[in-house]
Protein chains: 2
Amino acid sequence: MHGRVRVIPESTYDDPLVARLDQHIELSAADIALLGSVIDASVTISKRRDVVVDGYEFRKLYFIKDGFAARYRLLPNGKRQIINLLVPGDIIGVPSSFLDRANFSVTALTEMKVQACLLDAFVDLCYRHPKFGLALSWLAVEEATNYAERIVDIGRRTSIERLARFLIEMHSRLFVSGRATADGFDLPFSQEVMSDALGLSVPHLNRMFAQLRMDGLISLQDRHVKFCDIVVIQEFTHFHPRRLMRIPARRKPIIEKPEPKRPCKVRAAR
Amino acid sequence: MHGRVRVIPESTYDDPLVARLDQHIELSAADIALLGSVIDASVTISKRRDVVVDGYEFRKLYFIKDGFAARYRLLPNGKRQIINLLVPGDIIGVPSSFLDRANFSVTALTEMKVQACLLDAFVDLCYRHPKFGLALSWLAVEEATNYAERIVDIGRRTSIERLARFLIEMHSRLFVSGRATADGFDLPFSQEVMSDALGLSVPHLNRMFAQLRMDGLISLQDRHVKFCDIVVIQEFTHFHPRRLMRIPARRKPIIEKPEPKRPCKVRAAR
DNA sequence: CGTCTCATTGAGTTCTGTCAATCTAAGTGG
DNA sequence: CCACTTAGATTGACAGAACTCAATGAGACG
């Protein structure tokens with residue numbers, strides 16, 4: 001593909017699972033070994049393949065090493081809404097794997113490479129090592145937070161703001177894994193995909209792209225997005241990313257089981 | 001208020017935290033006692049009070065015993081998007097408490113009664129008893145799932161479908177805590193609140209209400225919603241709730257540390 | 001050289017928001 | 001008890017946003 005930029009910084013872990021959890025909690029060498037033990041296999045998924053299918057059970061976690069995917073719902077009227085787009089470092093299986101039957105599908109937009117583990121194996125690990133249960137909570141909270149942002153975007157922002165924010169956000173996400181430069185990146189998605197993510201029609205999305213160019217905010221050439229002035233567009237979109245707190249370390253485990261504590265005051269109330 | 005129905009079934013726990021976790025995992029008497037020990041206090045919040053404020057740190061979990069709230073974001077242009085509406089049994093603090101600074105506000109739409117605990121205390125409990133870490137994960141996943149449904153609603157459903165689905169969903173949520181009858185319920189929300197939740201304007205929401213009545217799907221009188229035929233409206237909205245799986249029980253804890261396992265195949269790949 | 005996917009553009013229509021006015025019920029203070 | 005205020009629901013007229021349908025390009029690929 002023309003213009004593809006791919007700068008993998010040396011600091012990036014080769015292991016997407018470890019890299020992701022490392023953002024939330026301290027991981028010792030022993031922890032990393034434990035994580036390795038629950039990883040089942042390295043799997044390659046071909047383009048256009050549905051990894052998770054709405055209505056069917058899925059009980060795995062896939063940590064994306066390479067490639068792109070979309071979590072989506074297909075409606076009876078044929079329309080599609082993409083919940084979110086998945087890039088390297090993201091996880092397939094949260095929240096799908098936690099439901100009796102998945103309520104969304106996940107489809108590979110490109111060929112993908114993932115690390116796979118069984119949900120049961122991960123849950124088992126959480127029982128043995130509570131820090132991983134907390135890490136899982138943090139991952140799920142992160143997912144919820146991202147979805148909430150999308151609700152605000154689609155519900156109350158103009159279509160051009162939505163698109164501009166989408167581009168800024170995608171740039172920031174791709175930059176983390178070295179798939180973007182300081183002021184631009186190659187869009188891995190077609191306009192159809194983006195319009196389904198933003199709740200717009202393809203022609204309208206296209207017009208909004210044209211307008212962003214007209215307004216001198218971006219340039220676009222063969223799917224390569226370049227921000228003319230990244231500060232200007234950040235202000236235009238009111239882009240203020242919020243970060244999750246890190247998981248508090250375990251307090252000194254006082255012998256093993258003190259449990260004297262004060263009684264629950266709540267029962268008395270009411 | 002006219003027509004208010006309030007039937008609390010005997011099976012409902014008085015303790016919203018226990019009731020909520022019980023949906024996801026087996027709780028022994030000892031577990032329930034543990035939960036009691038992390039509850040700090042029973043708190044009353046007055047109407048219109050902002051419990052969580054966008055941009056400020058919040059590090060608590062509030063389990064709603066009574067009353068209604070809205071999680072929302074206010075945009076620079078003055079528009080408001082409600083992420084979700086909170087009813088008794090819901091939790092304030094997921095995801096807000098997990099961020100450096102909250103990225104949404106939560107406001108009390110009515111006077112509320114909540115059980116409060118500090119996030120640190122709950123995290124500490126998770127370290128000591130891993131099942132609660134898993135329970136926390138499940139709560140966060142549930143939150144993410146609900147948000148995802150809202151994305152689909154706002155992104156790709158017509159305004160009348162959105163409203164109809166909102167009513168059906170709210171009925172089902174209120175029914176759980178005995179705040180609805182088999183075919184109707186009292187709406188605890190103004191049309192302004194509902195329009196901000198559904199990403200519509202107040203006049204348009206009002207027109208959609210009128211149309212639902214015209215179409216003979218609901219009747220509405222002093223905020224009391226009655227479904228003329230609940231099956232018909234369920235089909236109209238394609239309402240198919242999906243449930244979370246229950247958290248798998250711990251497997252027999254094999255001595256303590258076997259960890260022989262096979263080595264991680266992933267490292268080899270690539 | 002077809003075929004396919006994807007991007008782009010135009011014309012017309014529908015949906016939905018904005019603005020403004022009216023109406024009702026519920027308080028509130030005198 | 002009444003005039004006044006306020007919150008919320010309702011309605012109408014109008015403008016603008018966004019969709020649908022349809023056609024045209026442009027590049028990739030076999």
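Below, chains carry the letters A, B, ... as their sequence lines are ordered, and counting in each starts from 1. Here the structure is a predicted model, which means the values were calculated and not measured. The figures that follow rest on heavy atoms only: side chains count, while hydrogens, waters and symmetry mates do not.
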Problem - Spacing between A:L205 atom CG and D:dA17 atom P, to the nearest angstrom - result: 17 Å
Exercise for the section: Consider only side-chain N and O atoms of B:Q115 and B:D15, and report whether a donor and an acceptor are under 3.5 Å apart. Expected result: yes
Handout entry: Between P of D:dA18 and CG of A:L198, the distance in whole Å
Key = 12 Å
Problem - From C:dG17, D:dA9, D:dC19, nucleotide with atom closest to A:L200 side chain - result: D:dC19
Practice task
Measure the distance from CD1 on B:I154 to P on C:dG17 and round it to the nearest whole Å.
Solution key: 11 Å
Exercise for the section: Choose from C:dT16, D:dT20, C:dA7 the nucleotide whose nearest atom is closest to any side-chain atom of A:S201. Expected result: D:dT20
Handout entry: Distance in angstrom units between B:L109 CG and D:dA7 C1', rounded
Key = 14 Å
Exercise for the section: Please state how far atom CZ in B:R157 lies from atom P in D:dC19, giving the value in whole angstrom units. Expected result: 17 Å
Exercise for the section: Take A:R213 and A:R156, find for each the nucleotide of DNA chain C with the closest heavy atom, and name the residue whose nucleotide sits nearer the 5' end. Expected result: A:R213
Problem - Under-4.0 Å side-chain N/O to phosphate OP1/OP2 contact, A:R223 with C:dA7 - result: yes
Exercise for the section: Verify whether one side chain among B:S105 and B:D50 offers a donor that lies under 3.5 Å from an acceptor in the other. Expected result: no
Exercise for the section: Answer yes or no: is there a side-chain heavy-atom contact under 4.5 Å between A:R162 and A:I154? Expected result: yes
Practice task
Whole angstrom is fine here: how far is it from CE in A:M208 over to C1' in D:dG16?
Solution key: 12 Å
Exercise for the section: Take B:A210 and A:H204, find for each the nucleotide of DNA chain D with the closest heavy atom, and name the residue whose nucleotide sits nearer the 5' end. Expected result: B:A210
Handout entry: N/O (side chain, B:K47) to phosphate O (OP1/OP2, D:dA7) under 4.0 Å
Key = no
Exercise for the section: Give B:S190 one of three labels, base, sugar-phosphate or nothing, depending on what nucleic acid heavy atoms sit under 4.0 Å from its own. Expected result: sugar-phosphate
Practice task
Identify whether the distance between the nearest side-chain nitrogen and carboxylate oxygen of A:D90 and A:K65 falls below 4.0 Å.
Solution key: no
Fill in the blank from the handout: Among D:dA18, C:dA7, D:dA9, the one nearest any side-chain atom of B:Q191 is D:dA9
Exercise for the section: Take the protein atom CD of B:Q211 and the nucleotide atom P of D:dT11, then report the distance between them rounded to whole Å. Expected result: 13 Å
Exercise for the section: May I ask you to say what B:T158 touches in the nucleic acid, namely base, sugar-phosphate or nothing, with a heavy-atom cut-off under 4.0 Å? Expected result: nothing
Problem - N/O (side chain, B:N206) to phosphate O (OP1/OP2, D:dT10) under 4.0 Å - result: yes
Handout entry: Atom-to-atom span, CZ of B:R48 to P of D:dG8 - whole angstrom
Key = 6 Å
Problem - Side chain of A:R162 (C-beta onward), nearest among D:dA18, D:dA22, D:dT11 - result: D:dA18
Handout entry: side-chain contact (heavy atoms from CB on, under 4.5 Å) partner of B:E149, chosen from B:R165, B:R242, B:E169
Key = B:R165
Exercise for the section: Identify which nucleotide among C:dT8, D:dA13, C:dC6 has an atom closest to any side-chain atom of B:R207, counting heavy atoms from C-beta outward. Expected result: D:dA13
Handout entry: Exercise: do B:D153 and A:Q81 side chains pair donor with acceptor under 3.5 Å
Key = no
Completion exercise
Closest of D:dG8, D:dA18, D:dT10 to the B:E192 side chain is D:dG8
